[in-house]
2 protein chains.
Amino acid sequence: MPKTVLSEAQEDYLKQILLLSPSASETPEGPGDPVSTQGLAERLGVRPASVTGMLKKLSELRLVEYEPYRGVRLTESGHKVALEVLRHHRLLETYLHQALGYGWEQVHAEAERLEHHISEAFEQKIAEWLGHPERDPHGDLIPTVELALPKNAQAKKLLAVVAGKTATIVRVATQDTGSLNLCTRLKLKPGSVLAVLEHQLEGVRIQVHQDHFLLPSSLAELLWVVEA
Amino acid sequence: MPKTVLSEAQEDYLKQILLLSPSASETPEGPGDPVSTQGLAERLGVRPASVTGMLKKLSELRLVEYEPYRGVRLTESGHKVALEVLRHHRLLETYLHQALGYGWEQVHAEAERLEHHISEAFEQKIAEWLGHPERDPHGDLIPTVELALPKNAQAKKLLAVVAGKTATIVRVATQDTGSLNLCTRLKLKPGSVLAVLEHQLEGVRIQVHQDHFLLPSSLAELLWVVEA
DNA sequence: TGCAAGGTTTAGGCATGCCTAAAACAGTTC
DNA sequence: GAACTGTTTTAGGCATGCCTAAACCTTGCA
């Protein structure tokens with residue numbers, strides 16, 4: 001229970017540790033795999049030396065377990081904080097999209113700033129307005145009020161779907177504006193139904209609505225689906 | 001044109017200078033009267049010595065004119081920044097009230113934090129959603145998109161209304177939660193119509209809807225009205 | 001096993017923004 | 001016009017969070 005209020009930077013570190021830790025973000029539970037100093041530095045746009053300093057502080061606050069040269073992982077309370085921040089972020093994205101008409105490529109930047117500054121009251125108001133949504137506009141799962149991250153039971157990567165099958169997109173795993181704009185033009189967004197026609201070296205040939213085309217691997221990589 | 005992005009603290013200083021400068025907040029135009037170091041320190045919850053330091057910085061940025069021992073006033077560009085912040089604040093208060101159902105005694109604290117972190121896009125979205133309102137839930141005027149602060153033409157203090165007259169509340173000039181809750185119970189809010197029955201030493205006897213009672217001066221002080 | 005390459009940590013700095021204590025000033029009073 | 005009072009400024013410090021440069025581990029490959 002961190003009584004000390006955390007700084008924006010500290011919250012960002014915790015969130016990124018969560019997101020970088022495969023077993024804690026893609027899958028639902030656990031303290032997560034250890035994360036490297038360098039990985040964090042890249043995600044945060046900061047030098048590795050700065051990361052070391054912050055990790056020491058977070059470690060003193062018992063928010064992470066930090067072993068020099070070996071990586072960090074979240075403690076239970078660090079995990080809670082990270083999920084809280086992530087919930088703010090994804091609820092905000094959803095609200096900006098649904099209530100204020102932001103495009104899904106715009107929501108990330110705004111949510112990134114606001115997530116640190118909204119109260120619990122605000123969180124609750126927008127969650128209610130939205131009807132307690134499960135996913136944000138990109139299809140990412142929103143941690144619940146109890147700070148549990150639901151699991152993506154049957155979701156798999158598009159590239160893992162065999163030719164001939166039909167699938168529904170549930171998630172577009174990027175915040176990159178360019179990719180998101182491209183997906184918009186190709187009608188590839190959560191809820192879209194597509195058929196996998198053929199796997200090729202450079203990507204997947206798919207059919208979406210009436211169009212069919214070769215989807216480059218770089219984009220295909222981003223798509224998570226459930227088979228119909 | 002301050003190309004450097006300003007810190008939260010700097011924005012707060014500029015906003016408070018604006019609000020403390022009678023001729024720039026109560027009335028519409030001009031660079032405003034000079035504001036004392038001490039006054040700022042009190043409003044900002046900070047020591048006078050800290051204010052001096054910040055004023056030097058703002059002065060170098062040409063956002064204020066600062067004469068040691070004589071006070072500060074906003075420059076033209078400082079005035080613009082302050083109005084921008086104030087617009088954010090009051091639009092947010094209005095949005096929280098109208099769109100998210102916050103009580104008018106709750107909006108201030110939330111807006112106070114968010115005002116520094118919303119984008120121009122966000123400002124515009126909520127302004128549109130609200131239909132470009134003129135006043136916030138307390139009746140305070142909202143600076144326009146062009147950053148002009150409209151003037152309170154005929155508004156006067158309730159205490160200046162002679163007995164026997166009827167008036168409509170346009171503004172409740174406080175952010176104090178206790179006072180605001182009290183006003184709510186007494187049905188005293190912008191739009192409420194009241195009749196001034198009698199001025200007494202301890203306050204004003206008034207009638208609101210079916211009730212009539214003695215309104216203590218401390219509360220009456222806060223009310224601005226237009227005569228019917 | 002030994003060494004190079006890469007990632008990681010230490011050391012030393014800088015800017016922001018706040019603090020306290022003490023010195024300097026302005027305006028009023030005698 | 002000198003002293004007093006209260007305000008304001010200077011001086012010196014502290015915490016946060018970032019930086020660079022240099023020293024330090026660890027690993028993987030010969």
Side-chain angles (χ1 to χ4, degrees), chain A residues 2-17 20-22 33-74 78 81-82 85 112-113 115-117, chain B residues 2-17 20-21 32-74 78 81-82 85 112-113 115-117:
Chain A
K3 27 185 343 88
T4 326
V5 97
L6 299 177
S7 71
E8 197 168 329
Q10 291 172 329
E11 290 184 352
D12 279 334
Y13 275 82
L14 294 173
K15 186 177 83 169
Q16 288 306 334
I17 294 170
L20 277 174
S21 191
D33 295 331
V35 169
S36 74
T37 301
Q38 180 139 272
L40 273 172
E42 275 162 23
R43 288 285 194 113
L44 292 162
V46 136
R47 291 282 119 102
S50 306
V51 173
T52 300
M54 181 60 95
L55 292 184
K56 281 190 197 153
K57 256 171 250 160
L58 292 174
S59 182
E60 270 163 31
L61 294 172
R62 306 285 147 173
L63 292 165
V64 301
E65 271 168 45
Y66 171 51
E67 275 200 74
Y69 293 101
R70 322 229 104 216
V72 233
R73 60 181 59 189
L74 297 170
V81 174
V85 177
E112 195 71 18
R113 271 174 292 116
E115 63 187 6
H116 306 290
H117 305 289
Chain B
K3 24 183 351 86
T4 326
V5 96
L6 300 177
S7 70
E8 196 167 329
Q10 291 171 328
E11 290 184 353
D12 279 334
Y13 274 83
L14 293 173
K15 186 177 83 169
Q16 288 306 334
I17 295 169
L20 277 174
S21 190
D33 293 333
V35 169
S36 74
T37 300
Q38 181 140 271
L40 273 172
E42 275 162 22
R43 288 286 194 113
L44 292 162
V46 138
R47 290 281 119 99
S50 306
V51 173
T52 301
M54 181 59 95
L55 292 184
K56 280 191 198 156
K57 256 171 248 159
L58 292 174
S59 182
E60 269 163 32
L61 294 172
R62 307 284 147 176
L63 292 165
V64 303
E65 272 169 44
Y66 172 51
E67 274 200 76
Y69 293 101
R70 323 233 101 214
V72 234
R73 59 182 60 190
L74 297 170
V81 173
V85 177
E112 194 70 17
R113 271 175 292 115
E115 63 187 5
H116 306 291
H117 305 288

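Values in this document were obtained by computation on a predicted structure and should not be read as measured data. Heavy-atom basis, side chains included; hydrogens, waters and symmetry copies ignored. Chain A is the first sequence line, chain B the second, and so forth, proteins listed ahead of strands; every chain is numbered from 1.
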*Roughly how far, to the nearest 0.5 Å, is the CG atom of B/L20 from the CG atom of B/L44?*
8.0 Å
*Calculate the interatomic distance between A/K57 atom NZ and C/dT10 atom P; express it in whole Å.*
13 Å
*Take the protein atom CG of A/L55 and the nucleotide atom P of C/dG7, then report the distance between them rounded to whole Å.*
17 Å
*Check against side-chain contact (heavy atoms from CB on, under 4.5 Å), B/V72 and B/V51*: CA-CA 11 Å; B/V72 234; B/V51 173; over 6 Å; no
_Tell me every residue that passes side chain to side chain contact (heavy atoms under 4.5 Å, CB included) with B/H117, counting only those two or more places apart in sequence or in another chain._
A/L114, A/H117, B/E8
*Looking at A/P48 and A/Q38, what are the two nearest heavy atoms and their distance?*
CG-OE1, 4.5 Å
_Closest non-hydrogen atom pair, B/A9 against B/M54_ = CB-CE, 3.7 Å
_A/K56 side chain near C/dT10 phosphate (N/O to OP1/OP2, under 4.0 Å)_ = yes
*Within this structure, what is the CD-to-C1' distance between B/E42 and D/dG6, rounded to whole angstrom?*
13 Å
*asked:* Once you apply a heavy-atom cut-off of 4.0 Å, does A/T52 come out as touching a base, just sugar-phosphate, or nothing?
replied: base
_Atom-pair distance (CD on A/Q38; P on C/dA5), nearest Å_ = 17 Å
*Report the distance from atom CD of A/E8 to atom P of D/dG17, rounded to the nearest whole Å.*
10 Å
Could you pull out all donor-acceptor pairs under 3.5 Å where a side-chain atom in residues 10-17 of chain B meets a protein atom, sequence neighbours excluded?
{"from": "B/Q10", "atom 1": "OE1", "to": "B/S7", "atom 2": "N", "distance (Å)": "2.9"}
{"from": "B/Q10", "atom 1": "OE1", "to": "B/S7", "atom 2": "OG", "distance (Å)": "3.4"}
{"from": "B/E11", "atom 1": "OE1", "to": "B/H116", "atom 2": "ND1", "distance (Å)": "2.6"}
{"from": "B/D12", "atom 1": "OD1", "to": "B/H116", "atom 2": "NE2", "distance (Å)": "2.9"}
{"from": "B/K15", "atom 1": "NZ", "to": "B/E112", "atom 2": "OE1", "distance (Å)": "3.3"}
{"from": "B/K15", "atom 1": "NZ", "to": "B/E112", "atom 2": "OE2", "distance (Å)": "3.3"}
{"from": "B/K15", "atom 1": "NZ", "to": "B/E115", "atom 2": "OE1", "distance (Å)": "3.1"}
{"from": "B/K15", "atom 1": "NZ", "to": "B/E115", "atom 2": "OE2", "distance (Å)": "2.9"}
{"from": "B/Q16", "atom 1": "OE1", "to": "B/R43", "atom 2": "NH1", "distance (Å)": "3.2"}

*So, for B/P34 and B/R73, which heavy atoms are closest and what is the spacing to 0.1 Å?*
CD-NH2, 3.0 Å
*Using a cut-off of strictly less than 4.0 Å, decide whether A/S36 has a side-chain nitrogen or oxygen near OP1 or OP2 of C/dG7.*
no
*With A/R113, which residues qualify under side chain to side chain contact (heavy atoms under 4.5 Å, CB included), at least two apart?*
A/E110, B/S119
Could you write out each protein N or O paired with an N or O of nucleotides 1-5 of chain D at a distance under 3.5 Å?
none

*Where at least one partner belongs to residues 51-60 of chain A, residue pairs that pass side chain to side chain donor-acceptor pair (under 3.5 Å), sequence neighbours excluded*: none
*To the nearest angstrom, how far is A/L40 atom CG from C/dT8 atom C1'?*
13 Å
_Rounded distance in Å - CG (B/L6) to P (C/dA15)_ = 18 Å
*Protein proximity profile, nucleotides 18-26 of chain C - base contact B, sugar-phosphate-only contact S, no contact -, cut-off 4.0 Å on heavy atoms*: SBBB--BSS
*Could you state the atom-to-atom distance from CG of A/L14 to C1' of D/dG17 in whole Å?*
15 Å
